[in-house]
Amino acid sequence: MTNRFKESLLDPGTFSVTWEIVPGRGANEKAQIEAIETAKAGAKDPRIHAITITDCPSGNPAILAENLGKEILDLGIEPLVHFTCKDKNRTQMESQLYAMNRSGIRNLLVMTGDYVNDAFGGRAKPVFDIDPIQCCNLIASMNDGLEYQVGPKTIKNQPADFFYGCAVSPFKSQESEQIGQYNKLIKKVRDGGAQFIICQLGYDMRKFHETFQFMKENGLNVPLVGNIYILPFGAGRLMNRNGIPGAVVTDKLLHQLEKEKQAEDKGKEARLIRAAKMYGIMKGIGFAGAHIGGHGMSAADMDYIIVEGEKYAGNWKSYIDEFDYPMKNGFYYYQKDPETGLNSEKHTEIDPDNLEFRVGGIYHLSHFTHWLMMTPGKNLFNFMRGFYKLIDDTKVERPYHFCEHMAKVILYDCKDCGDCAMTHTAYACPMSKCPKHQRNGPCGGSRDGWCEVYPGKKKCIYVKAYTRLKGYGLEQELSAYSVAPCDWKLYQKPSWVNYFLGRDHDAKRLGIPYVPPKAERKAMKRKAK
């Protein structure tokens with residue numbers, strides 16, 4: 001069966017259009033009825049290539065996107081299901097992917113997801129077991145025919161047919177935040193195999209162009225989709241105060257929305273014109289499509305945006321100055337082109353000595369310790385490996401583990417996961433310091449360097465990591481490779497034993513030989529006899 005959404009994105013002559021719906025909480029409520037009615041309208045319009053379905057937005061409970069996706073598929077239009085990592089572990093994610101594959105749902109937008117919110121009985125427990133890059137690896141494995149072991153036997157599943165992409169946020173105000181987003185974008189395409197990218201929500205057209213240019217410069221040759229939201233004043237005010245993490249509405253734009261709402265139609269015409277112009281500019285720049293949404297959006301609204309947007313596309317450069325909404329003291333990856341109002345090809349000059357905060361003594365100590373003891377084949381590495389072989393699975397290991405863990409609690413707030421990822425994040429532990437446990441880069445929810453979950457209280461760990469590494473001239477390490485998910489069978493086991501004896505996720509990348517635990521060695525000897 002033909003996948004119209006995939007075909008539309010891969011066809012250079014087609015500008016792909018998706019219509020976003022928010023299905024809401026409940027099964028047979030107004031929100032679900034309206035979502036299906038929207039899908040019916042989309043199915044009748046050949047210019048619309050998919051209905052995209054959100055997955056518990058803002059961390060609130062909602063009907064499963066994939067369940068609604070099956071109903072939408074039956075209406076004759078492709079669903080694009082948001083598939084987030086926030087509230088299911090990797091077992092549940094694999095199970096849901098099997099169900100979608102069997103139902104014929106093929107298009108996925110893989111994201112970290114908003115931090116969980118209140119649900120039945122209070123706030124739900126966040127999961128964040130794997131991140132979007134790791135989830136993409138799972139999906140890619142399923143497309144190849146997932147292999148797994150059952151005893152000595154290797155089983156291989158039938159290949160799936162998922163077409164999957166990821167999101168990126170260019171709307172960050174600080175150097176560390178923005179480069180963190182682009183580092184993760186590289187990993188999503190290079191290591192995760194993402195087949196398309198959708199931008200986060202914003203209204204600074206220079207930032208949209210920045211993403212397009214960055215992908216082109218770095219050889220990320222997958223379709224890029226713009227994000228268009230029909231923005232009323234109420235939603236704009238919410239985004240302006242970071243009520244929807246990652247979506248950016250500046251003070252300048254909010255003032256404009258406030259003026260527009262004084263009109264007889266409460267600003268609706270102005271909103272539609274803005275959306276249509278964004279459509280036209282994105283098409284003119286070279287985006288592969290537009291992801292369009294808005295509360296209460298009708299088929300007539302969508303028709304207006306497409307028809308007028310096509311007209312604006314013919315003279316798109318003349319509307320760029322209407323989307324000059326920079327963040328205060330905002331960072332741009334490229335220097336501005338005064339002629340177009342977009343970006344030149346020249347990079348913004350980055351001062352290596354301009355650090356966003358002081359690199360503290362803990363990192364200096366950690367960096368030195370890693371250099372001295374933890375680099376395979378150098379300095380004290382072999383000595384440390386020999387020491388851990390001696391204490392492994394002995395009476396000494398337990399008191400040693402206690403001392404190691406206590407030291408890490410004091411220095412890093414260690415949660416004793418046993419599969420340590422601190423070396424990849426400049427010793428800002430992603431398992432204890434990041435509420436979303438992101439081991440491969442920042443989520444899209446930070447604002448002005450602050451964590452989405454603790455705004456004004458805690459800095460995003462990747463802001464810290466970038467600053468620390470930049471102080472040593474090592475900031476490029478944040479995009480050098482991807483980090484595997486935490487292996488929870490190592491939980492509450494000494495992480496240095498696991499590292500030096502080749503049992504954690506670093507072993508394969510660094511070529512550290514595996515040393516089986518004593519119990520496993522004994523079992524191997526018995527089997528050999």
Set of side-chain hydrogen bond (donor to acceptor under 3.5 Å, both in side chains) partners for D448, sequence neighbours left out
S173
Strictly by salt bridge (charged side-chain N to carboxylate O under 4.0 Å, His left out), give each pair with a member in residues 157-182 just once, sequence neighbours left out.
E175-K470
For F214, what residues pass the ring-ring contact (aromatic ring centres under 6.0 Å, His included) criterion, not counting sequence neighbours?
Y182, Y333
Under the rule for side chain to side chain contact (heavy atoms under 4.5 Å, CB included), what residues qualify as partners of C166, not counting sequence neighbours?
V110, C136, K188, A194, I197
Set of side-chain hydrogen bond (donor to acceptor under 3.5 Å, both in side chains) partners for R4, sequence neighbours left out:
none
Side chain to side chain contact (heavy atoms under 4.5 Å, CB included) against T38, all qualifying residues, sequence neighbours excluded
W19, I21
Please, which pairs that meet salt bridge (charged side-chain N to carboxylate O under 4.0 Å, His left out) have at least one residue in residues 7-30, sequence neighbours excluded?
K30-E34
Let me have the donor-acceptor pairs involving side chains of residues 239-249, under 3.5 Å, with sequence neighbours excluded, atom names and distances please.
residue: N240; atom: ND2; partner: V249; partner atom: O; Å: 2.8
residue: N240; atom: ND2; partner: D251; partner atom: OD1; Å: 3.0
residue: N242; atom: OD1; partner: R447; partner atom: NH2; Å: 3.4

ring-ring contact (aromatic ring centres under 6.0 Å, His included): which pairs involve residues 259-286, sequence neighbours left out?
F15-Y279
For A31, what residues pass the side chain to side chain contact (heavy atoms under 4.5 Å, CB included) criterion, not counting sequence neighbours?
none
The ring-ring contact (aromatic ring centres under 6.0 Å, His included) partners of Y164 (sequence neighbours excluded) come to none
Under the side chain to side chain contact (heavy atoms under 4.5 Å, CB included) rule, collect the residues that match up with K415, sequence neighbours excluded.
D413, S432
